[in-house]
**Q** 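Here it is: the structure, laid out below.
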Amino acid sequence: MGKNFLSLIKTRRSVRAYKSEPVPSKALDAVLEAGTYAPTGGGHQSPTIIAITDPKYRREIAKLNAEVMGSNTDPYYGAPVVILVLADGSASTFVEDGSCRKPCAASGRLHWVIRPRKPVSPQHANKTILFGFNVLLSGAIFCAGHFVERRESMQTNNKMAVAPVGKLIWQMSIPPLISMFLQYSYNLIDSAFVARLSENALTAVSLSFPITTLMNAASIWIGVGVNVLIAGYLGQKKQDEANTTVTHGLLLAFGIGALLNLLSLLIMKPYFGAFTNNEEIYQLSLAYMSVCSFMQIPNMVHIAIQKMIQATGNMVAPMWFQIAGVVVNFVFDPLLIFGIGVFPAMGIRGAAVATVAGYLLSMILAFALLLGKKQKVRIKIKEFHIQKRMIARIFALGLPSFIMNALSSFMVTFVNLFLVAYSDTAIAFFGAYFKVQQLIVMTVNGLIQGCLPIMRFNYGAGNRDRLHSAFRYGTALVSGMMILGTLTVNFFPAQLLELFTASEAMRSFGISAMRIMAASYLFCGLSTMISTYFQATEKVGSSIAIQLCRQLLFLVPALWCLNKLFQLNGIWLAFPVAETATMLIALIIMAWHRHKNIL
């Protein structure tokens, strides 16, 4: 018996996950009976043991215990039964009496103990509290002597450290995936509404797209840098550094947002003048961008806060304030463009006003959420000072995401330089197609957003198995979604073009062009996940190299060569060629890192 007992003590494992089904009464009774035989000071047997099975009271007890721990998570990890030990506060040994009387449930799980460090008065003894100490035994054991207090910090409780990886990725990814889908659905529908004004209006929005994309890229740059840094600090249990990062992120968002707002107003006239000689398109472009420039501060701030909260594992709340902004866009777009009801007909300028209003609402709601009591990170004001090294790390860790999104802006600009030699219709088509591509690629990027903090957290925590598992599972999901996107565009190109009221001239080359370019999705999923993996593990140079290959180093030469060989069709062919080459380079870089044993 002694050897069996010692073996059980040595081999028992802690599992912070419980089934929701009730514990059988017979097993629970056995646990409670075992607890009554635990020793107490002077043999008085004064403590009372209570099993809480009613969900209502179980939630109340969990809330009390969470407050003691300074956490907002369930301290009982969803266990269906909570055991309370109420010790007599007037006894000099009340702490020891309660500690020795830790009963067990039949679930075979370990639950942490919280013991007071100071004496508690009798009237507060029921809040002194306690516990459910579950040990892997066939029935139950009771404890003799003192037990060393074991506490777990809020960060270690983080689900990113313990939840099954596959389930966790879905939980973390679905909210940003939905919000990204809605966000880029709006961009697509926004262009569809504008296209009903005229093809010139669609061309104007298409010419504005590189500027707005670059502004979004800057927002994502700061947001992702803050996200990666916070997730890493939480994984390392550095709460103060995480809070300091929040304050730095907000200051950068406001400052850089204001700077980019000003720059966009300064460059838009020469920029649009370089791409069109059509006076109507030029004026429509100015009308649209002169309003859209003011989206940058609210856009940058709300994305920064979104990434901060996502870094803690909370992916649902940021989804709602982003959806709120999208709903405002959806509602006010047709009202302000066409002048429905009491609203004036503002044309293309109305689409820009709806965009700014949506971002402004998202920023207000984001701030309200961040300042709430339940967030795991806070704005640090007391004893805060600017840390140049932290700012540099935010820029460095977010740089690959910025490059990925900024290169989209430069890529559209480069493509437009080639297309302007053919027609304004070709520019309008590419703008419409790119909205479809962004809807697919950025929706998948929502899934990648869910994978990034998981990989980063476990890298910071030194858990390489979970890091690699998250990468493999995420890669499979991303590749599957990219295949689905390719099939959608190949089967329904005419229907997608119809959304933009495509002219016969646009349809004549647009249907085949969409099918050619959609083939690139098959290859970009894997390379994007490899780039994200490098970003999570602070191999920023490798991550940047992959993004540069995709949309600059391979694409631009391919555009030039294939345009010479195949004219307009060569421009479309350049995309799958560049993505294929990028995927091969990404695999080579990863193989090199593994050969050097640095992954």
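Keep in mind that what you see is a predicted model, and the values were worked out from it rather than measured.
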**Q** Identify the heavy atoms of P298 and Y359 that sit nearest to each other, and give their distance.
**A** CB-O, 3.6 Å
**Q** Report yes or no: does S520 contribute a side-chain atom to a donor-acceptor pair with the main-chain N or O of P576 at less than 3.5 Å?
**A** no
**Q** Strictly distance-based, threshold 3.5 Å: is any side-chain N or O of S479 a donor or acceptor partner for the main-chain N or O of A476?
**A** no
**Q** Contact between I337 and L197 at the side-chain level, heavy atoms closer than 4.5 Å - yes or no?
**A** yes
**Q** By salt bridge (charged side-chain N to carboxylate O under 4.0 Å, His left out), which residues pair with R472, not counting sequence neighbours?
**A** none
**Q** A287 and R349: which non-hydrogen atoms are nearest, and at how many Å?
**A** CB-NH2, 3.7 Å
**Q** With rounding to the nearest 0.5 angstrom, report the CZ to CG distance, R464 to N458.
**A** 11.0 Å
**Q** Show your working on side chain to side chain contact (heavy atoms under 4.5 Å, CB included) between W221 and I403 and close with a plain yes or no.
**A** CA-CA 8 Å; W221 184 2; I403 290 174; over 6 Å; no
**Q** Measure from the side-chain N and O atoms of S469 to the backbone N and O of R466, and report whether any donor-acceptor pair falls under 3.5 Å.
**A** no
**Q** Go through S208 and S285 one step at a time and tell me if the side chain to side chain donor-acceptor pair (under 3.5 Å) criterion holds.
**A** CA-CA 6 Å; S208 302; S285 300; 4.8 Å; no
**Q** Evaluate the side-chain proximity of I483 to Y521: yes if any heavy-atom separation is below 4.5 Å, no if none is.
**A**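 No, too far: nothing below the 4.5 Å cut-off.
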**Q** Kindly indicate, with the supporting measurements, whether the criterion side chain to side chain contact (heavy atoms under 4.5 Å, CB included) is fulfilled by K435 and Y184.
**A** CA-CA 7 Å; K435 293 293 171 63; Y184 284 89; over 6 Å; no
**Q** Is the distance from the ring center of F367 to that of H302 below 6.0 Å?
**A**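 Centroid distance F367-H302: not below 6.0 Å, so no.
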**Q** Does the side chain of I222 come within less than 4.5 Å of F402's, by heavy atoms?
**A** no
**Q** State the CG-CE distance between N216 and M442, to the nearest 0.5 angstrom.
**A**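 Result: 8.0 Å between the selected atoms.
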**Q** Nearest heavy-atom pair of Q375 and L370: which atoms, and what distance?
**A** CG-O, 3.8 Å
**Q** Would F343 and F332 count as a close aromatic pair, with their ring centres under 6.0 Å?
**A**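 Centroid distance F343-F332: below 6.0 Å, so yes.
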**Q** Strictly by modelled atom types, are S409 and T213 linked by a side-chain donor-acceptor pair under 3.5 Å?
**A**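 No, T213 and S409 have no side-chain donor paired with an acceptor closer than 3.5 Å.
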**Q** Should K539 and I544 count as side-chain neighbours, where that means a heavy-atom distance under 4.5 Å?
**A** no
**Q** Could you tell me whether F414 and F418 have their ring centroids closer than 6.0 angstrom?
**A** no
**Q** With a 4.5 Å limit on heavy-atom distance, are the side chains of L419 and L568 in contact?
**A** yes
**Q** CZ of F181 to CG of N445: how many Å apart, nearest 0.5 Å?
**A** 15.0 Å
**Q** Take Q296 and S219 through the side chain to side chain contact (heavy atoms under 4.5 Å, CB included) test and state the conclusion after the steps.
**A** CA-CA 8 Å; Q296 187 55 20; S219 301; 3.1 Å; yes
**Q** Identify the heavy atoms of A231 and R456 that sit nearest to each other, and give their distance.
**A** CB-CG, 3.9 Å
**Q** Side chains of R550 and L555, heavy atoms from C-beta outward: is any pair under 4.5 Å?
**A** no
**Q** Got F434 and S408 here, is their nearest side-chain heavy-atom distance under 4.5 Å?
**A** yes
**Q** With rounding to the nearest 0.5 angstrom, report the OG to CG distance, S401 to L452.
**A**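 With rounding to 0.5 Å, OG (S401) is 7.0 Å from CG (L452).
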**Q** Without swapping roles, check the side chain of S362 against the backbone of F321 for a donor-acceptor pair under 3.5 Å.
**A**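 Such a contact is found between S362 side chain and F321 backbone.
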**Q** To the nearest 0.5 Å, how far apart are CD in Q171 and CG in N314?
**A**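 Between atom CD of Q171 and atom CG of N314 there are 11.5 Å.
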**Q** Is a side-chain donor or acceptor of S527 paired with a backbone partner of M583 at a separation under 3.5 angstrom?
**A** no
**Q** Would you please classify the geometry between the F430 ring and the W572 ring as parallel, tilted or perpendicular, with 30° and 60° separating the classes?
**A**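 The rings of W572 and F430 lie parallel, inter-plane angle below 30°.
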**Q** Give the minimum heavy-atom separation between A352 and C292, together with the two atoms involved.
**A** CB-SG, 3.8 Å
**Q** Verify, without hydrogens or angle tests, whether S173 (side chain) and L447 (backbone) share a donor-acceptor contact under 3.5 angstrom.
**A**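 Yes; judged by distance alone, with no hydrogens or angles, the pair exists.
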**Q** Which distance, rounded to the nearest 0.5 Å, do you find between the CG of N227 and the CD of Q306?
**A**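 Rounded to the nearest 0.5 Å, the CG-CD separation comes out at 9.0 Å.
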**Q** Tell me whether the rings of F429 and Y433 are parallel (<30°), tilted (30 to 60°) or perpendicular (>60°).
**A**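 Plane angle under 30°, so parallel.
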**Q** Do M455 and M529 have side chains that get closer than 4.5 Å, going by heavy atoms?
**A** yes
**Q** Taking the ring centre of each residue, are Y533 and F471 less than 6.0 Å apart?
**A** yes
**Q** Grab the two heavy atoms, one from P334 and one from F330, that are nearest each other, plus how far apart they are.
**A** CD-O, 3.1 Å
**Q** Short question: side chain of T528, backbone of C524 - any donor-acceptor pair under 3.5 Å?
**A** yes
**Q** With side chain to side chain contact (heavy atoms under 4.5 Å, CB included) as the criterion, how do I281 and D424 come out once you've worked through the C-alpha distance, each side chain's angles and the decisive distance to 0.1 Å?
**A** CA-CA 9 Å; I281 293 175; D424 289 336; 3.7 Å; yes
**Q** Report the C-alpha separation of Q547 and Q551 in whole Å, then their side-chain angles, then the decisive distance to 0.1 Å, and conclude whether the side chain to side chain donor-acceptor pair (under 3.5 Å) test is met.
**A** CA-CA 7 Å; Q547 300 301 340; Q551 299 191 81; 4.7 Å; no
**Q** Quick check: does any side chain N or O of T355 sit under 3.5 Å from a backbone N or O of A351, one acting as donor and the other as acceptor?
**A**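 Yes: the side chain of T355 pairs with the backbone of A351.
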